[in-house]
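Contents: one structure, followed by commentary.
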Amino acid sequence: MKKSIVILLHIGFWLCYLLLIAIMVTVFFRSSSHEVDQTERVLNALKSLFLFAFLPSFITFYGCYLIVFPKYLQQKKFFLSFIFGIMISIGTSIIGYLLMRYLIETGYLIDMDQGGINGRSTAVKTIIFMSFIASIVGLAALIIKGFITWVKEIKLKEELRQKNHETEMALIKSQLDPHFLFNTLNNIDVLILKDATEASNYLNKLSDILRFMLYETKTDEILLKKEIEYIEKYIELQKIRTANANYVSFKVIGNPINITIAPMVFIPFIENAFKHSTNKKIDNAINVQLFINKENILFVCENKFDSNRKLIEESNGLGNNLIQKRLNLLYPEQHLLELDKQMNLYSVKLTIKNG
């Protein structure tokens, strides 16, 4: 929701509230129209109503709007929401009443309680009534904040849906890289003459990868275990292109069971690592690690490259800007992406909060 619309909602609410107070003042003074000069009484009533009805309501409104809703109600802590809402309304009412009594005692206000006949004896009743009004206003604040949050979530989901649609084709184009497919098929074709069983094994892995990319990625989240299996098969197929068994290192530290993640979050970084790693003869040219714990998932991908060699940029593959935008939509304020490029080493660190 636009900021201007939110501001208009707030202004509209307070205008309605002040209009209600104005109506109450008008009705009150019409019932006592026998008084000749009402000006002083009107000013006194407005001052009293500011402390009685407006100040506690104003503080309670924004206390509930800025604190109770995001910290408690939005986190589904309903009992704490109720307790803190009541505490704010009672606390502000007591403050408002004490200020009003102070101004009455010092002569800045005239006591409207039957000309001060009852004096302080009505303190508890007054504070209870003030708290009731403030609580109603606080409830209105929670409803308004809830409505604004609901609209924002709908807009965010729609934006995510559109962005996913845009990135879906980019992901498919990226992962169904014709060079990767052709090279893999050619390598399997050569391997058939040497070891038909091993070639069949690689062909099954390629089939699994294609099936994963075309069907598994349609959902918003998949099991982390499936994502790891996909990465392992992708790396195995890439390793066909080199005789160096230690060219790539992939390790998983932690238990991925029952943890879900958005599909293909890590693979674009791994694909870029293969594309930019120029020497397949050195050991650990690409090092991929996945650290899993209860709080977060840490993905680390490092690749060595020749800084003197110019790499021709290809149109396929996801760029860092598009990857970052997708992460912002999938994990707003729940991820940290760190990119570091040194002399001959490029590293990616992606931390995603669990749950």
Side-chain angles (χ1 to χ4, degrees), residues 163 167 170-184 187 209 213 217 224 227-254 256 261-293 296-331 334-353:
K163 184 58 67 175
T167 56
L171 278 167
I172 292 174
K173 286 176 67 178
S174 171
Q175 305 313 317
L176 293 180
D177 181 357
H179 294 288
F180 167 69
L181 286 176
F182 289 142
N183 288 334
T184 303
N187 289 327
I209 283 178
M213 290 185 292
T217 58
L224 179 58
E227 183 82 1
I228 292 171
E229 289 173 358
Y230 169 73
I231 293 172
E232 289 173 340
K233 290 172 183 176
Y234 179 84
I235 291 174
E236 286 298 318
L237 287 176
Q238 287 282 9
K239 286 170 71 175
I240 306 177
R241 301 166 64 183
T242 176
N244 184 2
N246 299 318
Y247 172 53
V248 185
S249 172
F250 178 53
K251 295 179 181 178
V252 178
I253 297 94
I261 196 168
M264 291 188 173
V265 171
F266 306 127
I267 197 65
F269 299 112
I270 299 173
E271 184 193 45
N272 287 336
F274 276 105
K275 187 171 68 174
H276 292 276
S277 184
T278 52
N279 190 347
K280 296 180 176 61
K281 295 181 181 180
I282 59 176
D283 291 346
N284 296 319
I286 299 172
N287 184 23
V288 182
Q289 292 177 298
L290 200 61
F291 301 90
I292 307 162
N293 57 47
N296 53 54
I297 302 167
L298 173 61
F299 169 80
V300 180
C301 181
E302 298 175 333
N303 69 276
K304 299 174 184 177
F305 68 97
D306 186 357
S307 57
N308 297 318
R309 179 178 174 181
K310 291 184 178 180
L311 183 68
I312 300 173
E313 294 294 332
E314 299 177 3
S315 59
N316 60 330
L318 289 174
N320 286 333
N321 290 336
L322 188 56
I323 293 171
Q324 182 66 73
K325 286 179 181 178
R326 184 169 183 253
L327 286 170
N328 289 338
L329 289 168
L330 291 170
Y331 300 102
Q334 291 183 320
H335 79 279
L336 176 64
L337 177 61
E338 300 173 89
L339 307 176
D340 183 38
K341 185 177 182 180
Q342 299 180 10
M343 183 64 68
N344 295 306
L345 183 69
Y346 186 83
S347 67
V348 174
K349 289 184 180 180
L350 174 60
T351 305
I352 298 176
K353 289 183 180 179

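Along the sequence shown, the residues carry numbers beginning at 1.
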Could you walk me through whether Leu337 and Val348 satisfy the side chain to side chain contact (heavy atoms under 4.5 Å, CB included) test, starting with their C-alpha distance in whole Å, then the side-chain angles of each, then the deciding distance to 0.1 Å, before giving a yes or no?
CA-CA 7 Å; Leu337 177 61; Val348 174; 3.9 Å; yes

Using the side-chain contact (heavy atoms from CB on, under 4.5 Å) rule, pick out the option among Val288, Ile286, Leu345 that qualifies with Glu302.
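Running side-chain contact (heavy atoms from CB on, under 4.5 Å) over Val288, Ile286, Leu345 with Glu302 returns exactly one hit, Leu345.
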
What distance do [X] atom [atom1] and [Y] atom [atom2] have between them, rounded to the nearest 0.5 Å?
X: Tyr230; Y: Ile235; atom1: OH; atom2: CD1; answer: 10.5 Å
X: Met264; Y: Glu271; atom1: CE; atom2: CD; answer: 9.5 Å
X: Leu350; Y: Phe266; atom1: CG; atom2: CZ; answer: 5.5 Å
X: Gln289; Y: Phe250; atom1: CD; atom2: CZ; answer: 10.0 Å
X: Leu327; Y: Gln334; atom1: CG; atom2: CD; answer: 12.0 Å
X: Ile267; Y: Glu227; atom1: CD1; atom2: CD; answer: 7.0 Å

Taking only residues two or more places apart in sequence or in another chain, which ones pass side chain to side chain contact (heavy atoms under 4.5 Å, CB included) with Asn284?
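With neighbours one apart ignored, the set is Ser249.
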
State whether the side chain of Asn296 and the backbone N or O of Ile352 hold a donor-acceptor pair below 3.5 Å, judged by distance alone.
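A pair under 3.5 Å: no.
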
Please confirm whether the backbone N or O of Thr351 pairs with a side-chain atom of Tyr331, one donor and one acceptor, at under 3.5 Å?
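Looks like no, no N/O pair under 3.5 Å.
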
Residues, nucleotides or ligands: over 12 heavy atoms within 6.0 Å of Lys349 NZ:
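For Lys349, atom NZ is not crowded (no more than 12 foreign heavy atoms under 6.0 Å).
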
Give the C-alpha distance, both sets of side-chain angles, the deciding distance and a yes or no for side chain to side chain contact (heavy atoms under 4.5 Å, CB included) between Lys239 and Tyr234.
CA-CA 9 Å; Lys239 286 170 71 175; Tyr234 179 84; over 6 Å; no

So, for Pro256 and Ile228, which heavy atoms are closest and what is the spacing to 0.1 Å?
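Heavy atoms only, the tightest pair is CB-CD1, 3.8 Å.
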
Which heavy atom of Asp340 sits nearest a heavy atom of Gln342, and at what distance?
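Nearest pair, atom of Asp340 first, then Gln342: OD2-NE2, 3.0 Å.
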
Do the ring planes of Phe299 and Phe269 sit parallel (below 30°), tilted (30 to 60°) or perpendicular (above 60°)?
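It falls in the tilted class, 30° to 60°.
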
Verdict with reasoning, His335 to Gln324, per side-chain hydrogen bond (donor to acceptor under 3.5 Å, both in side chains)
CA-CA 10 Å; His335 79 279; Gln324 182 66 73; 3.1 Å; yes

Leu290 vs Ile297, side chain to side chain contact (heavy atoms under 4.5 Å, CB included): CA-CA, chis, key distance, verdict
CA-CA 7 Å; Leu290 200 61; Ile297 302 167; 3.9 Å; yes

Could you go through Ile270 and Ile231, starting from their C-alpha distance and side-chain angles, then the distance that decides it, and tell me whether this counts as side chain to side chain contact (heavy atoms under 4.5 Å, CB included)?
CA-CA 8 Å; Ile270 299 173; Ile231 293 172; 3.5 Å; yes

Can you tell if the side chain of Ile292 reaches within under 4.5 Å of the side chain of Ile253, non-hydrogen atoms only?
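Contact flag for Ile292/Ile253 side chains = no.
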
Is any side-chain heavy atom of Lys304 less than 4.5 Å from a side-chain heavy atom of Ile282?
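Result yes, sub-4.5 Å side-chain heavy-atom pair found.
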
Residues in side chain to side chain donor-acceptor pair (under 3.5 Å) contact with Tyr346, at least two apart in sequence or another chain:
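In terms of side chain to side chain donor-acceptor pair (under 3.5 Å), with neighbours along the sequence ignored, Tyr346 is linked to Asn320.
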
